[in-house]
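Each remark here refers to the structure printed beneath this line.
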Amino acid sequence: MRRPVLLWRNTAKTITGALESETAQGSFGRLWGVFMNSRVAIAAMLVILQEALQSLGTPLNHWTLVVCIAYLGATLAVRLWAHPCPPARTFDGLWVLTIGVDVMAFGLLNFFQASPLNYTPLFALPVLLASVLGPILLAFGTAASVTVVLLADAAWSAVQGSGDVNARLLQAALSGSGFFLVALLANQLAVRLAREEKLAKKSQSAAHMQIQVNELVVATLAEGVLVMDGQGFVRSVNPAARRLLAAQETSYPSPFKLAAQTAWQPLVELMQHTFAQQSGQESHISLIHPGLNARRLQVRSRLTDSSDGPHESLCVMFLEDLREMEARIRIEKLAAMGRMSAAVAHEIRNPLAAISQANALLEEDLQDAGHRQLTGIVGQNARRLAKIVDEVLNISRAQQQIPAPQTTILRLDEAVRRIANDWARQNAVSGQLRICTDSANTEVYFDEDHLRRLMLNLLDNALRYTSGAARGFEVSTQLVAPGQTRLAVWSDGLPLEETVQVHLFEPFFSSESRSTGLGLYICRELCERYGAQIGYQRVLRENIQGNEFFIMFQPVSQRLHTELPNMDSVLV
């Protein structure tokens with residue numbers, strides 16, 4: 001069987017890549033397998049039938065048995081070693097191996113038949129094979145070849161003088177006409193089915209592409225998306241939802257039970273309420289994980305429509321972090337306030353300068369102590385107003401005007417001790433301030449003037465809210481990781497309210513009426529400029545609860561490879 005296999009493979013090389021892919025996996029391959037199995041089954045039945053007739057004593061031509069056995073061998077060889085491949089438009093090697101073998105074998109059976117059996121219906125197999133798997137030209141060619149074989153058999157019978165010649169010729173002509181009709185109908189049906197399958201595959205491909213687009217959109221949404229069934233199993237969850245649900249980096253492969261954690265119980269209740277009401281719900285909930293702060297979420301739930309099928313409804317939840325929503329709103333408000341404040345500050349500066357100058361001239365001519373005291377009060381408040389105006393303008397000013405400092409690496413312990421001691425002497429609180437430096441004099445990426453401004457703001461806040469007791473506030477440094485240090489300013493003041501903590505580092509926010517609310521905001525801007533992080537927490541020091549503001553400095557080795565933005569304008 002080397003020649004047939006090679007001939008088959010050579011024929012396959014002429015077929016396009018698309019057809020090869022289709023025959024390997026599509027319906028063509030399945031149909032080809034069905035026809036090849038049918039050929040093997042018919043060949044086996046013919047061999048069995050010949051043996052059965054011979055055992056019953058029916059006179060047979062031995063050549064008939066030889067043809068059946070040879071036909072069985074040919075069909076098995078094609079089924080075992082050949083691969084599905086569409087035949088060409090005309091008679092080629094593929095046609096010879098399949099359809100041609102069938103026509104020749106069935107024609108020989110008709111020629112050698114010595115029993116009353118009629119093998120003519122078997123010709124339907126090669127006609128159907130050519131019509132379903134091949135083009136119309138091959139189908140008609142096969143029907144024509146079958147008709148020629150039948151007419152040739154009838155003519156041979158006429159030469160031998162056996163039977164009614166006219167009847168046999170008429171029977172051959174009618175059978176040939178029938179095979180032509182079968183070829184036409186089968187081919188048209190196969191063409192239509194192939195066209196419908198192509199449209200179905202195209203629609204399936206478009207639907208699959210749309211599903212991938214939807215999954216990509218959902219995966220990149222900043223809003224969390226949960227899809228749950230009525231039993232509380234999460235069928236699908238996007239990365240944003242995993243981040244909002246998990247207390248830490250924990251993987252929950254879908255599907256997972258929403259009631260698996262106690263912290264998720266508010267979501268379970270909202271899901272149950274959604275299914276009970278059969279309508280979308282909206283609520284603010286809190287996810288409380290043990291040992292961590294509560295995470296407040298805005299949750300909107302919707303139900304999928306299941307009226308068009310037996311599938312159950314699914315609950316789709318949209319999660320959004322309330323802190324992020326509030327931050328966006330605050331940013332928008334602050335942007336508008338910044339523009340307005342800058343405009344107002346510009347308008348205030350000129351009349352304020354006139355007031356300060358007039359007050360200075362008036363003070364030169366006054367001799368009365370009471371009057372000079374009044375002008376001093378005017379000058380003091382004018383300077384305070386000027387400072388506020390300068391801070392507002394510095395924050396709103398374009399950031400590209402002042403270049404970044406060149407020398408920005410300093411030894412943290414030395415700088416902290418120097419700045420803290422200078423501040424303590426100026427404010428006469430050396431006995432109340434503790435300085436604990438324990439960062440092994442590690443270098444940090446920070447300008448010393450900026451660090452001074454940062455520490456002065458934090459120390460002023462600590463002094464303002466301390467209880468006044470000895471050792472009431474503390475400055476400390478600590479090496480928390482190789483190359484990474486931490487600076488903390490602690491005071492024994494009362495705890496800050498939650499509403500105050502939320503807005504601590506926002507501009508123009510202060511719990512005091514005489515404060516500009518810009519100190520902590522400037523501290524945050526300075527830290528962000530150098531890649532550091534500033535935060536607040538309640539800490540226990542020597543059995544005393546207090547407020548701590550801490551700064552985590554970025555390692556110098558990491559920071560040296562990054563480019564700094566220009567933020568010097570936050571300085572006054």
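What you see is a predicted model; the values in this text were computed from it and never measured.
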Inset, instruction - Start with the C-alpha distance between Leu245 and Leu267, add both sets of side-chain angles, then the distance that settles side chain to side chain contact (heavy atoms under 4.5 Å, CB included), and finish with yes or no. - result: CA-CA 10 Å; Leu245 287 178; Leu267 290 174; 3.3 Å; yes
Legend entry - Single hit among Arg425, Gln426, Arg418 for side chain to side chain donor-acceptor pair (under 3.5 Å) with Asp422: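 Testing each of Arg425, Gln426, Arg418 against Asp422, the sole residue satisfying side chain to side chain donor-acceptor pair (under 3.5 Å) is Arg425.
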Where is the tightest heavy-atom contact between [X] and [Y], given as atom of each residue plus distance?
{"X": "Met271", "Y": "Gly230", "result": "SD-O, 4.4 Å"}
{"X": "Trp490", "Y": "Ile544", "result": "CZ2-O, 3.5 Å"}
{"X": "Leu433", "Y": "Ala420", "result": "CD2-O, 3.8 Å"}
{"X": "Ser286", "Y": "Pro266", "result": "O-CG, 3.7 Å"}
{"X": "Leu410", "Y": "Phe446", "result": "CD2-O, 2.8 Å"}
{"X": "Phe473", "Y": "Ala462", "result": "CB-CB, 4.3 Å"}

Inset, instruction - Measure the acute angle between the ring planes of Phe549 and Tyr536, then classify it against the limits of 30° and 60° as parallel, tilted or perpendicular. - result: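 Tilted, since the angle between the ring planes falls between 30° and 60°.
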State whether the side chain of [X] and the backbone N or O of [Y] hold a donor-acceptor pair below 3.5 Å, judged by distance alone.
{"X": "Thr485", "Y": "Phe553", "value": "no"}
{"X": "Asp438", "Y": "Leu479", "value": "no"}
{"X": "Gln277", "Y": "Thr274", "value": "no"}
{"X": "Asn238", "Y": "Glu223", "value": "yes"}
{"X": "Ser313", "Y": "Thr304", "value": "yes"}

Heavy atoms, side chains only, cut-off 4.5 Å: are [X] and [Y] in contact?
{"X": "Gln281", "Y": "Ser279", "result": "yes"}
{"X": "Ile285", "Y": "Leu297", "result": "yes"}
{"X": "Val225", "Y": "Phe318", "result": "yes"}
{"X": "His284", "Y": "Arg296", "result": "no"}
{"X": "Val475", "Y": "Ile419", "result": "no"}
{"X": "Arg486", "Y": "Thr477", "result": "no"}
{"X": "Gln298", "Y": "Glu282", "result": "yes"}
{"X": "Leu451", "Y": "Val444", "result": "no"}

Is it the case that atom [atom1] in [X] sees more than 12 heavy atoms from other parts of the structure closer than 6.0 Å?
{"X": "His208", "atom1": "NE2", "value": "no"}
{"X": "Gln533", "atom1": "CD", "value": "no"}
{"X": "Leu494", "atom1": "CG", "value": "no"}
{"X": "Gln204", "atom1": "CD", "value": "no"}
{"X": "Lys257", "atom1": "NZ", "value": "yes"}

Between [atom1] of [X] and [atom2] of [Y], what distance do you get to the nearest 0.5 Å?
{"X": "Phe275", "Y": "Leu314", "atom1": "CZ", "atom2": "CG", "result": "6.5 Å"}
{"X": "Ser491", "Y": "Asn461", "atom1": "OG", "atom2": "CG", "result": "8.5 Å"}
{"X": "Arg464", "Y": "Leu459", "atom1": "CZ", "atom2": "CG", "result": "11.5 Å"}
{"X": "Ser439", "Y": "Leu412", "atom1": "OG", "atom2": "CG", "result": "4.5 Å"}
{"X": "Gln478", "Y": "Thr437", "atom1": "CD", "atom2": "OG1", "result": "12.0 Å"}
{"X": "Asp321", "Y": "Arg243", "atom1": "CG", "atom2": "CZ", "result": "7.0 Å"}

Inset, instruction - For side chain to side chain contact (heavy atoms under 4.5 Å, CB included), just list the numbers for Phe256 and Val237, CA-CA rounded to whole Å, side-chain angles, deciding distance to a tenth of an Å, and then say yes or no. - result: CA-CA 10 Å; Phe256 60 89; Val237 53; 4.0 Å; yes
Legend entry - Step-by-step side chain to side chain contact (heavy atoms under 4.5 Å, CB included) determination, Met455 to Val416: CA-CA 8 Å; Met455 290 185 60; Val416 167; 3.9 Å; yes
